[in-house]
Amino acid sequence: MNQITTDIGELCHRYATTGYAILRTAIDSEAIAAARREADRLCTLTYSMPEADRTNDVVLLRHLSEAQREGITVTGDTPFIIGNIPAYSIFLTHLLITPAIMQVTQALLNCADPEYHFSNLTMKAAGIGPHIRAHRDYPNKYHCPAAPVFLRVLLCLDAMDAANGATTVAVGSHLHEGTADSMDDYNVETAVCNAGDALFIHPCALHGGGGNRSPRQRRVMVAQW
């Protein structure tokens, strides 16, 4: 796995001032290819999961609101989120704790031993992937500390840009914690990433993402620390 060659101080400065930072080439091309195969295996696995596991760990596209699907009718069991990655894939779990990702996580949190909260595989399928409304990760309904002393990292298994629903961030919105504002109140940047890049998002940063109407998939692994 890749060791970090990026200036961590530069990443910390960008994270502190904008609310997000991108670590380029967190994993190499061989790991990306293997991760994509593993993601495909997990998608297939969802069809044979016991109902209790599917209920707890899987969100299907057809279960989303019509607004989030932007009116697109989805049939079948196409997954949007597969949660609890360590329960289903040791390989993907190891990717989330590669040295490069963990070094940046430690630096951004100013913590030598960050606590793992949860992880998932989030997929915006080609042509039908849903949009994600603007929101802040603090507070959240999954695992929420009493204070915004955590972050989320998105490890990209595919390149992401505006066409396939890349994450967009309201720059500087993390400096206005608790404000009931909208993306329109800020300069919004699209986190354009290559496959293998890792995107770190401040818990108070207002962010979201458009739907995927492109012919390309957009798969990311998400972890909260």
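All figures in this text were calculated on a predicted structure; none of them were measured in a lab.
- Between L206 and S173 the shortest heavy-atom distance is N-OG, 2.8 Å.
- F80 places a side-chain heavy atom less than 4.5 Å from the side chain of V59.
- In this structure the side chain of I132 never reaches within 4.5 angstrom of the side chain of H207, judged on heavy atoms.
- Put simply, L109 and V153 are part of the same group of oily side chains (I, L, V, M, F, W, Y) that touch within less than 4.5 Å, one to the next.
- Taken to the nearest 0.5 Å, the CG atom of D185 stands 9.0 Å off from the OG1 atom of T179.
- Y116 and I97 fall within a single hydrophobic cluster, where Ile, Leu, Val, Met, Phe, Trp and Tyr are joined by side-chain heavy atoms under 4.5 Å apart, directly or via other members.
- L96 contributes atom CG, which lies 10.5 Å from atom CZ of F91 (distance to the nearest 0.5 angstrom).
- Contact of the L151 side chain with the Y15 side chain is registered, since non-hydrogen atoms from C-beta on lie closer than 4.5 Å.
- Looking at every heavy atom in both residues, C204 comes nearest to P148 through SG-CB, 3.6 Å.
- With respect to E38 and R41, a salt bridge is recorded, a charged nitrogen being found less than 4.0 Å from a carboxylate O.
- Linking Ile, Leu, Val, Met, Phe, Trp and Tyr whenever their side-chain heavy atoms come within less than 4.5 Å puts M123 and L95 in one cluster.
- For the pair C156 and N194, the minimum side-chain heavy-atom distance is 4.5 Å or more.
- G208 approaches M183 most closely through the heavy-atom pair N-CE, 4.2 Å.
- Contact between I8 and A107 at its shortest, heavy atoms only, is CG2-CB, 3.4 Å.
- The distance between the ring centers of W225 and F150 does not fall below 6.0 angstrom.
- Partner of D158 under the salt bridge (charged side-chain N to carboxylate O under 4.0 Å, His left out) criterion, out of R216, R36, K124, R218: R36 alone.
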message: Pair V220, L199 - check side-chain contact (heavy atoms from CB on, under 4.5 Å), show working.
response: CA-CA 10 Å; V220 298; L199 168 64; over 6 Å; no

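- Rounding to the nearest 0.5 Å places CG of L155 at 8.0 Å from CD1 of I32.
- Annotation for I101 and A198: closest pair CG1-CB, 4.3 Å, computed over non-hydrogen atoms.
- Around atom CZ of R62, more than 12 heavy atoms belonging to other residues, nucleotides or ligands sit under 6.0 Å away.
- Within 6.0 Å of atom OH in Y142, 12 or fewer heavy atoms from other residues, nucleotides or ligands are found, so the atom counts as exposed in its surroundings.
- With hydrogens and angles ignored, the 3.5 Å screen pairs no side-chain donor or acceptor of Y138 with any backbone N or O of G178.
- Using a 4.5 Å cut-off on side-chain heavy atoms (C-beta onward), L121 and L157 make contact.
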- request: Check the pair D57, Y88 against side-chain contact (heavy atoms from CB on, under 4.5 Å), reporting the backbone distance first and the verdict last.
  value: CA-CA 10 Å; D57 295 334; Y88 301 110; 2.5 Å; yes

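- One distance of note links OG1 of T44 with CE of M49; it measures 10.5 Å at 0.5 Å rounding.
- For the atom pair CG of L42 and CG of N120, the computed distance is 11.5 Å after rounding to the nearest 0.5 Å.
- For H13, the NE2 atom counts as loosely surrounded, since its 6.0 Å shell holds 12 or fewer non-hydrogen atoms of other residues, nucleotides or ligands.
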message: Show, in sequence, the C-alpha distance, side-chain angles and deciding distance for D7 and R14, and conclude whether the salt bridge (charged side-chain N to carboxylate O under 4.0 Å, His left out) test is met.
response: CA-CA 11 Å; D7 183 344; R14 178 160 181 82; over 6 Å; no

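- Residue pairs meeting the salt bridge (Lys or Arg N to Asp or Glu O under 4.0 Å) criterion with at least one partner in residues 196-213, sequence neighbours excluded, are R24-D197, E70-R213.
- Residues V169 and T18 have side chains not in contact (no heavy-atom distance under 4.5 Å, counting atoms from C-beta outward).
- By the criterion of side-chain heavy atoms lying less than 4.5 angstrom apart, applied directly or through intervening Ile, Leu, Val, Met, Phe, Trp or Tyr residues, I81 is grouped together with V74 in one hydrophobic cluster.
- V188 and F200 are assigned to two separate hydrophobic clusters, defined by single-linkage of ILVMFWY side chains at heavy-atom distances under 4.5 Å.
- Looking at P145 and H117, their side chains come closer than 4.5 Å, going by heavy atoms from C-beta outward.
- Of the possible donor and acceptor atoms, one in the side chain of N140 sits under 3.5 Å from a partner among the backbone N and O of D137.
- Put simply, CD1 on I201 and OG1 on T167 are 5.0 Å apart, with the number rounded to the nearest 0.5 Å.
- Here the closest heavy-atom approach between residue L60 and residue P79 is recorded as CD2-CA, 4.0 Å.
- Checking side-chain atoms of Q217 against main-chain N and O of A126 turns up no donor-acceptor pair under 3.5 Å.
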task: For the pair V222 and S119, evaluate side-chain contact (heavy atoms from CB on, under 4.5 Å) and give the outcome as yes or no after the intermediate values.
output: CA-CA 5 Å; V222 182; S119 59; over 6 Å; no

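- Between the side chain of R219 and the backbone N or O of D40, no donor-acceptor pair lies under 3.5 Å.
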